[in-house]
Every structure is written in C-alpha cells, then in structure tokens.
Amino acid sequence: MRRLRWWIGLVASLAPMGGIPAAALDVSACEQTASTMLVQVQGVRSGQGTLVAELYGDNSEAFLRKAGRLIRERVPARPGSMALCLPAPRPGVYAVAVYHDENDNRKFDRSWIGLPSEGYGVSNNPRPLFRAPTHSESAIRVGTGHRVVNIELRY
C-alpha cells in the first residue's frame, strides 16, 4: 500500500508540469490488485475521442485479437502524455496495446490497404515495417508490484 501511495504521489506531482494529466489515471484500478501496470502513453495528438489500452496474456496466437484480450480500459483522450493503470490478473508475462480511437467509433480503424489509420503503440515500442508487432517483441514481465510501461503512439 505504501508503494502504491508513492506511485500515485509521483503521478500527481507530474500532472501540474504537463507530464501526465491526473484525471487520466484510474486510481481504483491500481488499488484492486498487487500486479499493476502504470501505462504512460506519449504522443497523443489530440483530445478528440478515446484512448484505449488493452492487456494480453502470454499467448502469441491471441495477441492483438479481440478474443485474446484480458482487459480493456477506455479513457477520454488528452493531447500530449497520459497515464492509466491496467491491473494484471496475476504475476506473469503480458503485452499491452494502446490506440487512439479519435473518431470514437469503438474500433481500431485501418486504411483500405490494411494499415492503421489511428494512432497506436505496444509495450516495448517495437518498430516493425509493414506488419503488426509480435507478442515476443511486446512481452513484458509483471511481478507482484507495480510496473511502469512506456508506450509511444505512432500515427
């Protein structure tokens, strides 16, 4: 609990400096489980729509598939940097995907040739060309404490 208060204090102290809007942090999610990821998202280009963060387990076949998603959090988008908490069911290997649903249609839009037309990013920030990131490129280990995950959006 003491460590959680430290994280919350850190995030709250960064908010006035423009680093992380305090309203974007779902504190109740951080308090519900000991295995938590503080997802810090950089590069949100506008305040239009919703920022969506999804948690995937240690299954490469289910990564980035709707049926493979363990948790999804949706928060109103704010330009610049945002932070939110994703509770993991237990310690283990996970991957996080984030996208900016600018038109708020509740889906990740793609162009007619299949390329993303909305901002996106995944844990570890891999930069594959002409393909989606893989689970092994995005996998992170989460223990019993809190893990900071930095994700840069690409548009």
Answer whether the closest heavy-atom distance between the side chains of Pro126 and Thr134 falls below 4.5 Å. no
Say whether, by atom type as modelled, one donor and one acceptor occur between the side chain of Ser123 and the main chain of Ser138 under 3.5 angstrom. yes
Is there side-chain contact between Asp104 and Arg74, with heavy atoms separated by less than 4.5 Å? yes
Examine distances only and state if a side-chain atom of Ser35 and a backbone atom of Gly143 form a donor-acceptor pair shorter than 3.5 Å. yes
Straight-line distance of Tyr120 OH to Asp109 CG, nearest 0.5 Å: 14.0 Å
If you define the side chain from C-beta out and look only at heavy atoms, does anything of Leu84 sit under 4.5 Å from Leu51? yes
Verify, without hydrogens or angle tests, whether Asn105 (side chain) and Lys107 (backbone) share a donor-acceptor contact under 3.5 angstrom. yes
For the hydrophobic clusters of this structure (ILVMFWY residues joined by side-chain heavy atoms under 4.5 Å, transitively), does one cluster hold both Val39 and Val122? no
Under 3.5 Å: donor-acceptor pair, side chain of Asn124, backbone of Ile140: no
Side-chain heavy atoms under 4.5 angstrom apart, residues restricted to Ile, Leu, Val, Met, Phe, Trp, Tyr: same cluster for Val98 and Ile71? yes
Looking only at atom types and distance, does a side-chain atom of Asp101 sit under 3.5 Å from a main-chain N or O of Val52, one as donor and one as acceptor? no
Are Leu38 and Cys85 close enough that some pair of their side-chain heavy atoms sits under 4.5 Å apart? yes
In the single-linkage hydrophobic clustering (I, L, V, M, F, W, Y; side-chain heavy atoms under 4.5 Å), do Val44 and Val96 co-cluster? yes
Is it true that a side-chain atom of His135 and a backbone atom of Ala62 form a donor plus acceptor pair closer than 3.5 Å? no
Within the structure provided, determine whether Tyr56 and Leu64 are in side-chain contact (heavy-atom separation under 4.5 Å). yes
Report yes if some heavy atom in the side chain of Leu70 is under 4.5 Å from a heavy atom in the side chain of Tyr94; otherwise report no. yes
Under a 3.5 Å distance rule, please check whether Tyr155 uses its side chain to pair with a backbone N or O of Arg45 as donor and acceptor. yes
Those residues that, when tested against Arg131, pass salt bridge (charged side-chain N to carboxylate O under 4.0 Å, His left out) (two or more places apart): Glu137
Taking His146's backbone N and O only, do any of them form a donor-acceptor pair with Thr36's side chain (distance below 3.5 Å, no angle check)? no
Can you list everything that forms a salt bridge (charged side-chain N to carboxylate O under 4.0 Å, His left out) with Glu118? Sequence neighbours excluded, please. none
Same cluster (ILVMFWY, side-chain, under 4.5 Å), Phe108 and Val75: no
With a 3.5 Å distance limit and no angle check, can you tell me whether Asn125 reaches the backbone of Glu152 through a side-chain donor-acceptor pair? yes
